[in-house]
Each structure stands twice: as structure tokens, then as C-alpha cells.
2 protein chains.
Amino acid sequence: MEQNKIPQATAKRLPLYYRFLNNLNQQGKKRVSSKELSEAVKVDSATIRRDFSYFGALGKKGYGYNVEYLLGFFRSTLDQHEVTEVALIGAGNLGTAFLKYSFMKNNNIRITKAFDADWEKVGTDIDGVPIYHVDQLFEKLEDTKVVILTVPATEADNIADKLVQAGVNGILNFTPARITVPSHVRVHHIDLAVELQSLVYFLKHYPLDTKE
Amino acid sequence: MEQNKIPQATAKRLPLYYRFLNNLNQQGKKRVSSKELSEAVKVDSATIRRDFSYFGALGKKGYGYNVEYLLGFFRSTLDQHEVTEVALIGAGNLGTAFLKYSFMKNNNIRITKAFDADWEKVGTDIDGVPIYHVDQLFEKLEDTKVVILTVPATEADNIADKLVQAGVNGILNFTPARITVPSHVRVHHIDLAVELQSLVYFLKHYPLDTKE
DNA sequence: ATTAATATGTGAAAAATGTCACGACATTTC
DNA sequence: GAAATGTCGTGACATTTTTCACATATTAAT
């Protein structure tokens with residue numbers, strides 16, 4: 001639990017920095033300034049410098065940041081040297097897309113198991129990820145602590161309860177339901193309809209030229 | 001452009017309120033207090049009252065809010081009386097999931113066209129949504145101003161340019177790329193890998209019991 | 001060597017967001 | 001109809017996040 005002085009807003013940007021540093025490194029770039037990085041990730045350069053400064057002095061004045069060093073630093077900060085296994089609950093359209101979509105190319109998080117309520121799907125696998133029945137959560141989840149929830153909204157609360165009982169403490173919730181969990185469980189909501197609606201709202205009600 | 005005094009944080013919550021008010025209304029509930037709503041949407045009740053207050057005095061002391069009235073108010077505020085058409089660019093796994101996933105049940109936003117680079121898909125439709133070729137953006141996009149971007153990351157910037165030229169001013173970007181657009185175009189990023197990584201980071205580095 | 005250019009790290013200010021707590025008023029109860 | 005209860009709307013305050021702007025150090029150029 002070490003450094004919990006890092007602002008949440010900063011913490012949410014770390015994976016983003018990490019990904020772009022990886023890109024830069026693969027391109028063979030040796031150094032990068034906060035200004036350059038800013039243009040790539042679309043975050044103000046002062047914000048980037050401030051974010052980095054929470055971890056100490058990572059750069060060099062007049063030079064910028066050493067890509068390899070910074071990458072290594074974030075790799076360990078984000079625990080990317082070890083693989084984190086997550087489970088996917090609900091192998092419907094969206095869930096299946098996540099299993100097929102290898103959006104995990106640049107990081108060490110892997111979806112290693114999936115669960116579904118449909119016995120037709122149970123026993124099969126999608127892109128190598130085995131599908132179990134949701135009733136098998138307790139036996140099969142083992143020590144997976146983080147799950148991606150892509151079940152129908154009506155099932156969300158019910159399944160969430162079971163997940164919590166099975167020891168899960170992190171849920172990435174893609175259902176429109178706002179699930180109820182004990183306070184030791186962290187839920188991040190990604191609400192596709194809300195995102196789209198709020199984008200439309202901003203377009204209609206906010207002057208253009210203003211940024212998110 | 002009327003009321004741009006509403007804080008962005010508030011604006012982002014409006015669609016959420018709207019959805020839950022819809023639920024309550026369908027359940028036949030006539031009144032709701034900020035406390036009840038708070039439990040449903042998991043937003044502090046004081047925050048809810050403050051949010052609502054930006055629009056004037058919508059409630060009644062000692063009573064709460066009239067569900068039907070509030071719903072009507074938000075319906076017009078969110079322009080839900082008219083249908084907003086959006087296009088989907090990239091009918092791959094994720095894009096197809098969005099087309100099939102009717103996450104638009106409770107609102108008036110419709111995906112009416114899709115575009116893909118694969119000629120095999122062009123001419124077919126997914127759940128009634130016709131698929132055109134990305135080269136046909138100019139002819140077929142017509143006056144669609146908002147798009148959901150689910151193309152491969154490598155194509156993101158290239159396609160974004162074309163979209164902007166075709167008159168799009170709102171992009172919901174699901175690619176890991178941070179696209180570059182003129183300042184009159186609004187982009188909201190939903191970065192699945194980043195969301196998952198930051199959830200994992202929070203779990204490892206922040207004391208439990210703390211909320212997002 | 002000297003100068004010019006570059007770019008960090010941060011104190012301080014500003015802006016944005018969230019929360020507390022209470023006066024005022026409406027509703028409900030007795 | 002009086003008292004008790006419930007709940008809004010908001011001023012004041014607290015917290016979080018962003019941004020400015022510059023002293024300081026490093027590099028690059030001449």
C-alpha cells in the first residue's frame with residue numbers, strides 16, 4: 001500500500017503514460033520531453049511533469065526524460081513485471097468481443113477464464129479462454145481478484161454478490177446497473193450509453209473549442 | 001449553447017440520473033428523494049441536490065422530487081425528445097458488439113450506419129444497420145455529426161482526419177490511440193486497457209474502503 | 001568559455017469539484 | 001391545528017486537480 005499520496009487523477013493516467021512510453025521505446029527513441037509526451041497523450045505538459053514529480057525526480061533539467069529509465073520505472077510501479085489474471089463474467093456480445101479483442105497487447109493483464117449462464121457455451125473456449133458456468137464461480141474463480149462484468153443489467157447485482165463472496169475485490173462494470181458492494185470492493189463503471197449521451201450533451205450545450 | 005454554467009462533472013452525471021428516473025417512472029414511483037436516488041446511482045445525495053440546483057428549484061422541500069416532472073425536465077435538457085443518429089466506424093469485434101448490444105434501450109440515440117474497410121462486410125447489415133465502406137464516408141455519412149470509433153489503433157488518426165473533413169464534431173474513441181483533431185471537435189476516450197490497468201493499480205496501492 | 005536554448009520540478013494561485021450542515025418550508029401524524 | 005418529521009437548496013468550507021511561471025540545472029552552439 002506504500003505511496004497512497006498519489007492523486008487519483010494521476011493514478012488514472014499512469015497506464016496511459018506507460019503505453020506511450022512503450023511505443024516510444026519500440027520506436028527506438030532515447031529521450032522525451034514532457035512537451036513531446038504531451039502532444040502524444042493529449043495531457044498538458046505541466047500536468048505530466050507534476051504527475052511524474054509525485055514519484056520523485058525522474059527527469060533531467062534541460063534534457064527531458066530517459067525513455068528506457070522511465071519505462072522501467074513505470075513497469076515496476078504498475079506491476080507490469082508480473083502477470084495479473086482477470087476473469088470475464090458474461091460471454092455475450094460485448095464479453096466475447098473483449099475475449100477476441102487483444103487490447104492487452106502492451107500490458108501484462110490477461111483474461112484467463114470466462115463465465116456464462118448459457119450451458120451451450122460452457123465447456124467451449126473463445127480464443128483459448130475456457131468458459132465455465134456462472135454457478136461454478138466458487139470452484140473455478142480460485143484466487144482471481146479482478147473481473148470484467150459484462151452480464152445483462154438485470155443480473156448484475158445478483159452476480160456481483162456472488163463475486164464478492166468468492167473473494168473478488170475489483171470489478172470493471174460494463175453493465176448499466178450501479179451495483180451494490182461492500183466498501184472493501186472497488187467498482188469502476190464504464191457506462192457506454194452514458195458516455196455517448198454525455199458526449200452528445202456536451203456537443204449541444206458547450207461551446208466548441210473547449211476541451212474535455 | 002444556452003447554459004454553459006453547468007459544471008462538466010455535473011453534465012457527465014445527467015444521463016445517469018435520466019436513466020434511473022426512467023426506471024423509477026416505469027416502476028410507477030411518483031416521488032423520489034435525493035437520498036433514495038443517491039442509493040440507486042451511488043452518488044452522494046448532497047452532490048445530487050447540488051447538481052439539480054444548477055437547473056433551478058426542481059424539488060419540493062419536505063417532499064422530494066416528482067419523478068414524472070423531473071424526468072420530463074431531463075428529457076428536454078438531454079434532447080431526448082428527438083432522435084440523435086450516430087455512426088459506427090469499424091465493424092470488428094467490438095464494433096459489432098455495439099451494434100448487437102442494444103444498450104440504447106432507454107434513450108434516443110441510435111446507431112444508424114456503420115462503416116468498415118472490409119469489402120466482404122460492405123453491403124450486408126448487422127441487426128438492421130447497413131455497412132458501408134470507409135471510402136464512402138463522404139457520400140454516406142451525410143449529416144451525422146457523432147461517431148463511435150472502433151477501428152484498429154493504427155488506422156485511428158487517419159480515419160479521424162477523414163471524419164473531421166466529413167463534418168463530424170464528436171468522436172467516442174474506443175481505440176488506444178490518442179487522436180489529433182482540430183479544437184472544434186470533441187473527443188471522449190474510452191480506453192479499455194487503461195481502465196483495467198488503473199483498476200488493478202488502485203487495488204494494489206490504495207487502501208480498501210476508499211471509493212473512486 | 002561564454003552564451004543561448006532547453007526543459008525540469010515546484011511554490012503558489014486558480015479552478016473545479018465535493019461535502020457539511022442548517023434554515024426554511026412542506027408534509028405527515030396525532 | 002400543533003408538533004414532529006422529512007427534505008430541499010445553498011452558503012460556507014474542504015478537497016482535489018490543474019495551471020502558471022520561474023529558479024535552477026543541463027545541454028548545445030559558437
Side-chain angles (χ1 to χ4, degrees), chain A residues 3-14 16-17 21 24 29-67 69-70 73-74 183 189 198 202 205-207 209-212, chain B residues 3-14 16-17 21 24 29-67 69-70 73-74 183 198 201-202 205-207 209-212:
Chain A
Q3 274 279 29
N4 67 339
K5 291 149 182 209
I6 285 122
Q8 303 219 356
T10 297
K12 287 193 182 175
R13 284 186 291 261
L14 296 182
L16 190 62
Y17 297 146
L21 286 171
L24 291 175
K29 253 186 154 293
K30 292 296 174 205
R31 60 186 263 192
V32 65
S33 68
S34 60
K35 192 161 162 244
E36 279 176 283
L37 197 53
S38 169
E39 278 152 25
V41 300
K42 318 289 182 197
V43 171
D44 186 88
S45 67
T47 302
I48 292 178
R49 290 200 301 280
R50 174 76 64 194
D51 282 346
F52 289 2
S53 78
Y54 292 116
F55 298 97
L58 303 177
K60 234 198 292 191
K61 300 188 181 185
Y63 177 89
Y65 301 90
N66 179 299
V67 173
Y69 173 77
L70 203 54
F73 183 83
F74 280 126
S183 61
H189 297 275
S198 76
F202 277 114
H205 297 268
Y206 284 71
D209 268 354
T210 307
K211 280 284 174 158
E212 181 191 4
Chain B
Q3 275 280 29
N4 67 340
K5 291 148 181 208
I6 285 121
Q8 304 219 357
T10 296
K12 287 194 183 174
R13 282 186 292 262
L14 296 182
L16 190 61
Y17 297 146
L21 286 171
L24 290 174
K29 252 183 153 294
K30 293 295 176 206
R31 59 186 266 191
V32 65
S33 67
S34 59
K35 191 160 161 243
E36 278 177 284
L37 198 52
S38 168
E39 278 153 24
V41 302
K42 317 288 182 198
V43 172
D44 186 87
S45 68
T47 301
I48 292 178
R49 291 201 299 282
R50 173 77 66 199
D51 282 347
F52 288 3
S53 78
Y54 291 115
F55 297 97
L58 303 176
K60 232 197 296 192
K61 299 184 179 187
Y63 177 89
Y65 301 90
N66 179 299
V67 173
Y69 174 76
L70 202 55
F73 182 83
F74 280 125
S183 62
S198 75
Y201 180 83
F202 277 115
H205 297 268
Y206 284 71
D209 268 355
T210 304
K211 280 285 174 159
E212 183 192 2

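Letters A, B, ... mirror the listed sequences (proteins, then strands); counts begin at 1.
Between Ser53(B) and Tyr63(B), it is Tyr63(B) whose nearest contact on DNA chain D lies nearer the 5' terminus.
Note: OH (Tyr69(B)) to P (dC8(D)) measures 15 Å, nearest angstrom. What separates NZ of Lys12(A) from P of dT16(D) is a distance of 14 Å, to the nearest Å. Rounded to a whole Å, the CD1 atom of Ile6(A) is 12 Å from the P atom of dT17(D). Following rounding to the nearest Å, Glu36(B) (CD) and dC8(D) (C1') show an atom-to-atom distance of 14 Å. Atom NZ of Lys30(B) is separated from atom C1' of dA26(C) by 20 Å (rounded to the nearest Å). Look at CG on Leu58(A): it is 11 Å from P on dT8(C), rounded to the nearest Å. Counting to the nearest Å, the C1' atom of dC8(D) and the CG atom of Asp51(B) are 14 Å from each other. At whole-Å resolution of the value, CZ in Phe55(A) and C1' in dG9(C) are 15 Å apart.
In this model, the phosphate group of dC8(D) is approached by a side-chain N or O of Ser34(B) to a distance below 4.0 Å at OP1 or OP2. Distances shown here put a side-chain N or O of Arg13(A) below 4.0 Å from the OP1 or OP2 atom of dT18(D). For dT18(D), neither phosphate oxygen OP1 nor OP2 lies less than 4.0 angstrom from any side-chain nitrogen or oxygen of Thr47(A). Lys60(A) has a side-chain polar atom (N or O) that falls below the 4.0 Å cut-off from OP1 or OP2 of dT27(D).
In this structure, CD in Glu39(B) is found 9.0 Å from OG in Ser45(B), a value given to the nearest 0.5 Å. Once rounded to the nearest 0.5 Å, the distance linking OG of Ser198(B) with NE2 of His205(B) reads 11.5 Å. Rounding to the nearest 0.5 Å places CZ of Phe52(A) at 8.5 Å from CG of Leu14(A). Lys12(A) contributes atom NZ, which lies 13.5 Å from atom OH of Tyr201(B) (distance to the nearest 0.5 angstrom).
Heavy atoms of Tyr65(B) sit under 4.0 angstrom from primed sugar atoms or phosphate atoms, though from no base atom.
Among the nucleotides dT17(D), dT17(C), dA25(D), the one closest to any side-chain atom of Lys61(A) is dA25(D).
Ring geometry for Tyr17(B) against Phe74(B) counts as tilted: the plane angle lies between 30° and 60°, on a 0 to 90° scale.
Residue-to-nucleotide contacts include no donor-acceptor pair under 3.5 Å from the side chain of Arg50(A) to the base of dT18(D). Judged by distance alone, with hydrogens and angles left aside, Arg49(B) brings no side-chain donor or acceptor close enough to the base of dT7(D) to form a pair under 3.5 Å.
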